[in-house]
Amino acid sequence: MYRTEESSKIGEYIGKLIARKYGADRQFAIEYIKLRDGIDEEPASDEIQRVANKICQMKKIGKGIQINDLPILSELLEVSVDSILSAGKVAKPAPTRTTNYSVAFSKDKKVWKEYIERPDKLILNEDEYGKTVIDYAVEFGNYGFLKYLIDNDYIYLIDEDQQKYWGTFGSGTTIERRPPFEYDLKRKGGTYNENRVLY
């Protein structure tokens with residue numbers, strides 16, 4: 001059992017999570033409204049400002065966090081409600097944590113698009129079972145997702161000229177595992193790749 005932290009500590013923790021994932025409160029407010037109201041379009045600017053003000057109060061003094069905010073905060077910040085209430089002291093996995101498995105099981109194009117465009121490029125990695133998002137999509141028979149990947153050039157089919165030597169169906173993907181020890185470093189104005197060998 002854990003004890004709920006003081007409001008100010010919860011607010012500080014929420015603020016760090018928002019800054020890490022969304023940068024600006026305004027962007028987080030937009031995503032908050034979209035999830036809360038179940039909409040895809042840009043919310044009205046006055047509603048964005050109202051929610052951004054509420055978020056600012058949550059961060060600064062932990063004021064204004066209500067029970068119905070917790071599931072939304074948990075999903076958007078990808079942490080459990082327990083983690084929020086303990087200000088990060090209780091590390092339980094979020095039930096909504098995005099994985100290769102959950103994305104490949106989803107029927108939602110928005111989920112697919114967000115996962116593919118994540119700056120940390122999780123889609124390029126196998127999970128703890130050595131499976132990629134494509135492996136799971138094939139396993140689940142999620143042909144809608146596979147078609148989405150083909151339509152957006154993440155999976156391509158090899159034409160007859162290329163496969164005449166193999167005599168079989170062929171395809172390839174731009175979703176490939178990164179070489180070991182390679183990762184992206186962020187810098188102002190963009191990103192660059194750097195290879196590091198760990199000893």
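Just so you know, these numbers use all the heavy atoms, side chains as well, and skip hydrogens, waters and symmetry mates. Here the structure is a predicted model, which means the values were calculated and not measured.
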Side-chain ion pair, Lys34 and Glu114, N-O less than 4.0 Å: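 Result for this pair is no, no salt bridge flagged.
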Presence of salt bridge, Glu12 and Lys16, under 4.0 angstrom: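 Salt bridge flag = yes for Glu12 with Lys16.
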Could you give me the CA-CA distance, side-chain angles and deciding distance for Asp69 and Tyr32, then say whether side-chain hydrogen bond (donor to acceptor under 3.5 Å, both in side chains) is met? CA-CA 9 Å; Asp69 292 323; Tyr32 182 98; 2.3 Å; yes
Within-4.5 Å side-chain heavy-atom neighbours: [X] and [Y]:
X: Tyr136; Y: Thr99; result: no
X: Leu85; Y: Val90; result: no
X: Asp135; Y: Glu126; result: no

Just by modelled atom types, is the Leu76 backbone N or O under 3.5 Å from a matching donor or acceptor in the Tyr22 side chain?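 Yes; judged by distance alone, with no hydrogens or angles, the pair exists.
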Any sub-3.5 Å donor-acceptor pair from Asp25's side-chain atoms to Gly15's backbone N or O?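 No; judged by distance alone, with no hydrogens or angles, the pair does not exist.
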How are the rings of Tyr148 and Trp112 set to each other: parallel, tilted or perpendicular (split at 30° and 60°)?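 Plane angle between 30° and 60°, so tilted.
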Distance, nearest 0.5 Å, that separates [atom1] of [X] from [atom2] of [Y]:
X: Glu78; Y: Leu17; atom1: CD; atom2: CG; answer: 10.0 Å
X: Ser7; Y: Ile14; atom1: OG; atom2: CD1; answer: 9.5 Å
X: Leu73; Y: Ile84; atom1: CG; atom2: CD1; answer: 5.0 Å
X: Arg3; Y: Lys89; atom1: CZ; atom2: NZ; answer: 11.5 Å
X: Met58; Y: Ile55; atom1: CE; atom2: CD1; answer: 6.5 Å
X: Lys59; Y: Ile18; atom1: NZ; atom2: CD1; answer: 5.5 Å

Test of understanding: with salt bridge (charged side-chain N to carboxylate O under 4.0 Å, His left out), list the residues that count as partners of Glu47, not counting sequence neighbours.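 Only Arg36, Arg50 meet the salt bridge (charged side-chain N to carboxylate O under 4.0 Å, His left out) criterion with Glu47.
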For Asp151, all residues meeting salt bridge (charged side-chain N to carboxylate O under 4.0 Å, His left out), sequence neighbours excluded: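 Asp151 satisfies salt bridge (charged side-chain N to carboxylate O under 4.0 Å, His left out) with Lys147 once adjacent residues are dropped.
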Between [X] and [Y], which heavy-atom pair has the shortest distance, and what is it?
X: Ser74; Y: Val79; value: OG-O, 2.5 Å
X: Ala137; Y: Ala104; value: N-CB, 3.5 Å
X: Pro43; Y: Ile30; value: CD-CG2, 3.9 Å
X: Pro71; Y: Asn68; value: CD-O, 3.6 Å
X: Val103; Y: Val133; value: CG1-CG2, 4.0 Å

Decide side-chain contact (heavy atoms from CB on, under 4.5 Å) for Leu149 and Ile116; before the verdict, give the C-alpha distance in whole Å, the side-chain angles of both, and the deciding distance to 0.1 Å. CA-CA 10 Å; Leu149 293 173; Ile116 289 167; 3.8 Å; yes
Kindly indicate, with the supporting measurements, whether the criterion side-chain contact (heavy atoms from CB on, under 4.5 Å) is fulfilled by Ile48 and Glu42. CA-CA 9 Å; Ile48 294 170; Glu42 181 89 1; 3.8 Å; yes
Would you say the rings of Tyr101 and Phe140 are close, in the sense that their centroids are separated by under 6.0 Å?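 Here the rings of Tyr101 and Phe140 have centres that are less than 6.0 Å from each other.
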Same cluster or not: are [X] and [Y] linked, directly or through other Ile, Leu, Val, Met, Phe, Trp or Tyr residues, by side-chain heavy atoms under 4.5 angstrom apart?
X: Ile67; Y: Ile65; answer: no
X: Tyr129; Y: Val138; answer: no
X: Phe145; Y: Val111; answer: yes

Stepwise side-chain contact (heavy atoms from CB on, under 4.5 Å) test for Ile123 and Arg118: CA-CA 8 Å; Ile123 195 166; Arg118 278 179 67 131; over 6 Å; no
Would Tyr13 and Ser83 count as having a side-chain donor-acceptor pair, cut-off 3.5 Å?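 A donor-acceptor contact under 3.5 Å links the two side chains.
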Just by distance, no angles: are the side chains of Asn53 and Gln57 close enough, under 3.5 Å, to form a donor-acceptor pair?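 No donor-acceptor contact under 3.5 Å links the two side chains.
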Run the side-chain contact (heavy atoms from CB on, under 4.5 Å) check on Leu77 and Phe28 step by step: do they pass? CA-CA 9 Å; Leu77 300 175; Phe28 181 72; 3.7 Å; yes
